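Notes for the one structure printed next.
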There are 2 protein chains.
Amino acid sequence: MDGHARRIPDATVARLPEYLRILIELAEQRIGTVSSERLAELAGVNAAKVRKDLSYLGTYGTRGVGYDVDYLLFQMRQALGVTRDCPVVVVGAGNLGRALANYAGFSDRGFPLAAVVDADEAKVGTNVGDVTVRPMSDLAELVRANQPVIGVIATPGPVAQLVADQLVAAGVTAILNFAPALVSVPPNISLRKVDLALELQILSFYQSHRESGSASRGWT
Amino acid sequence: MDGHARRIPDATVARLPEYLRILIELAEQRIGTVSSERLAELAGVNAAKVRKDLSYLGTYGTRGVGYDVDYLLFQMRQALGVTRDCPVVVVGAGNLGRALANYAGFSDRGFPLAAVVDADEAKVGTNVGDVTVRPMSDLAELVRANQPVIGVIATPGPVAQLVADQLVAAGVTAILNFAPALVSVPPNISLRKVDLALELQILSFYQSHRESGSASRGWT
DNA sequence: CCGAGCTTGTGCACAAAGTCACAAGCATGT
DNA sequence: ACATGCTTGTGACTTTGTGCACAAGCTCGG
Ligand SMILES: NC(=O)c1ccc[n+]([C@@H]2O[C@H](COP(=O)([O-])OP(=O)(O)OC[C@H]3O[C@@H](n4cnc5c(N)ncnc54)[C@H](O)[C@@H]3O)[C@@H](O)[C@H]2O)c1
Ligand SMILES: NC(=O)c1ccc[n+]([C@@H]2O[C@H](COP(=O)([O-])OP(=O)(O)OC[C@H]3O[C@@H](n4cnc5c(N)ncnc54)[C@H](O)[C@@H]3O)[C@@H](O)[C@H]2O)c1
């Protein structure tokens with residue numbers, strides 16, 4: 001379609017959603033154009049980096065003016081593949097699973113909650129957020145009915161690999177893992193992990209070695 | 001004490017807590033020594049990287065044998081600054097704040113919950129986990145009584161900067177931000193953010209551009 | 001139509017991170 | 001004592017990411 005399709009570096013991919021969030025805010029404020037300078041300020045990064053990042057998507061800016069917010073927004077959604085909503089299935093209806101299920105921010109950002117499943121019979125049938133907890137045996141069907149789906153692991157660490165295998169078998173193509181355990185998936189499945197205790201330990205490190213680590217951003 | 005104190009790269013710092021978690025598991029299994037090869041396998045990274053990472057802490061391995069688990073564990077805790085527990089104060093007693101407060105994994109890993117505070121009068125006085133929600137006006141005193149403290153922002157995005165400022169004013173030296181907003185802090189304060197919707201969008205990208213992104217790990 | 005004033009897009013030089021390959025060094029058995 | 005086998009620690013190289021600086025290019029006013 002475009003013809004140039006150059007590969008986007010991982011570091012850039014990791015920043016695109018941040019730009020996306022900012023663009024959405026700008027669009028809500030009826031701001032029509034934005035410069036790389038301003039975007040950089042809002043995202044807490046270098047302006048040159050913003051321009052380089054955006055240039056991987058295509059040449060969408062106008063020299064002397066900046067970027068058209070709505071157009072860039074459209075192109076960014078296209079690039080990120082968030083043009084259509086992508087439902088999410090949460091596995092584990094514990095503390096975290098329930099908080100996630102109650103979280104409106106997911107639907108708002110294009111990731112509606114499709115279902116919550118749990119292995120515990122006592123939790124199946126209870127309500128969390130807008131949905132009813134379903135048994136693990138429903139997983140394959142739920143995934144098939146909603147494809148493509150992102151699977152979220154919110155179970156204890158020791159069963160994380162097992163759950164991941166079940167998600168993959170059910171046909172999920174991307175997994176977000178909150179359990180503090182390594183999980184392996186086939187190479188065609190995307191996997192990311194979020195480990196909160198790990199974040200605290202990184203903070204702890206920079207706190208005890210008091211010199212500006214990579215963690216802190218500019219102070220205005 | 002040691003004399004050589006070379007600067008540890010950020011990328012290494014981000015991996016150390018993962019090694020720490022694995023070492024704790026190994027110690028629990030009464031495993032006395034571990035090779036870089038095995039550690040790498042458990043952490044899902046390259047063995048040479050493990051060795052280089054560990055070499056920043058000091059020369060604690062034994063050639064032909066590997067690393068003594070207990071000794072390395074001790075040194076790693078030392079390096080990460082997690083030798084003493086570091087209490088955590090959560091701001092915002094909503095879905096996420098309550099899930100965090102109920103989460104045993106924090107105390108287990110050296111980050112006991114000191115308090116939960118909230119600006120909403122209706123929530124002050126309610127119980128979450130083992131603690132009672134306190135008003136914002138108690139923040140400074142709570143921080144003073146527990147120092148050093150890590151502050152966790154679990155409030156809506158629009159007030160995140162305000163809350164961060166209050167945390168800094170109260171004397172917190174490290175902040176973990178869950179709100180989807182940029183917050184600025186003075187350079188001597190450590191700051192990290194966790195944005196779940198952002199993670200989902202990154203997954204979405206790699207899902208729509210189906211080639212192995214940086215996200216997936218090996219499949220055994 | 002032209003010049004002034006911005007802002008983009010990118011070449012380039014540098015910094016950081018990752019990988020390989022291997023010498024150095026320890027333990028064990030003979 | 002010494003050869004053997006294994007694993008560490010690290011120098012050299014590759015890949016990836018960052019930031020500067022500036023030419024190219026757009027808009028607008030006169
Ligand atoms: N609660 C938090 O704030 C928090 C924070 C950081 C990380 N985490 C991590 O998130 C995970 C969940 O935490 P939590 O506090 O919600 O735990 P939890 O114990 O409250 O909930 C775990 C849920 O998983 C279910 N489960 C157990 N085995 C299962 C299986 N094989 N298949 C499907 N479901 C299964 C349980 O029935 C339970 O409902 C843990 O790994 C934890 O370390 C939680
Ligand atoms: N719930 C989730 O699973 C989840 C997931 C990802 C991100 N988040 C983010 O975490 C944050 C909290 O989410 P939530 O679902 O718990 O929201 P929530 O609305 O349930 O809770 C927010 C809490 O913050 C309190 N608060 C509001 N203003 C405050 C102020 N100025 N000072 C102190 N407290 C204040 C409110 O009283 C409320 O109790 C949001 O930014 C959200 O985007 C939540």
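Sequence lines set the chain letters: A, B, ... in the order given, protein chains first and strands last, and positions in each chain run from 1. A quick note: this is a predicted structure, and the numbers were derived from the prediction, not measured.
Between B:K49 atom NZ and C:dA17 atom C1' there is a gap of 8 Å when expressed in whole angstrom units. Here C:dA15 presents its P atom at 14 Å from CZ of B:R7, a figure rounded to the nearest Å. Following rounding to the nearest Å, A:N46 (CG) and C:dA15 (C1') show an atom-to-atom distance of 14 Å.
In summary, contact between chain B and DNA chain D, defined as any nucleotide atom under 4.0 Å from a heavy atom of the protein, begins and ends at D:dC6 to D:dA12 in the 5' to 3' direction.
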Pairs under 3.5 angstrom only: tabulate donor-acceptor contacts from the side chains of residues 22-32 of chain B to other protein residues two or more places apart or in another chain.
| unit_1 | atom_1 | unit_2 | atom_2 | d |
| --- | --- | --- | --- | --- |
| B:E25 | OE2 | B:R21 | NH1 | 3.0 |

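Taking the six-membered ring for Trp and the full ring otherwise, the centers of A:Y60 and A:Y67 sit at least 6.0 Å from each other.
By the side-chain hydrogen bond (donor to acceptor under 3.5 Å, both in side chains) test, B:S36 pairs with B:R51, sequence neighbours left out. Contacts of B:F74 classified as ring-ring contact (aromatic ring centres under 6.0 Å, His included), with partners at least two apart in sequence or in another chain: none. Partners of B:Q207 under the side-chain hydrogen bond (donor to acceptor under 3.5 Å, both in side chains) rule, at least two apart in sequence or in another chain, are A:T173. Evaluation of the ring-ring contact (aromatic ring centres under 6.0 Å, His included) rule for B:F178 yields no partner, not counting sequence neighbours.
Contacts classified as salt bridge (Lys or Arg N to Asp or Glu O under 4.0 Å) and involving residues 76-85 of chain B (residues at least two apart or in different chains) are not found. Within the structure, every pair that satisfies the ring-ring contact (aromatic ring centres under 6.0 Å, His included) test and touches residues 181-205 of chain B, not counting sequence neighbours, is listed here: B:F205-B:H209.
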Between N or O atoms, less than 3.5 Å apart, protein on one side and nucleotides 4-7 of chain C on the other: list the pairs.
| unit_1 | atom_1 | unit_2 | atom_2 | d |
| --- | --- | --- | --- | --- |
| C:dT7 | O4' | A:G64 | N | 2.9 |
| C:dT7 | O2 | A:G64 | N | 3.3 |

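Across all strands shown, A:R15 has heavy atoms under 4.0 Å from sugar-phosphate atoms exclusively, and none from any base. Residue B:A11 is in sugar-phosphate contact alone, with no base atom involved, counting any heavy-atom pair closer than 4.0 Å across all strands shown.
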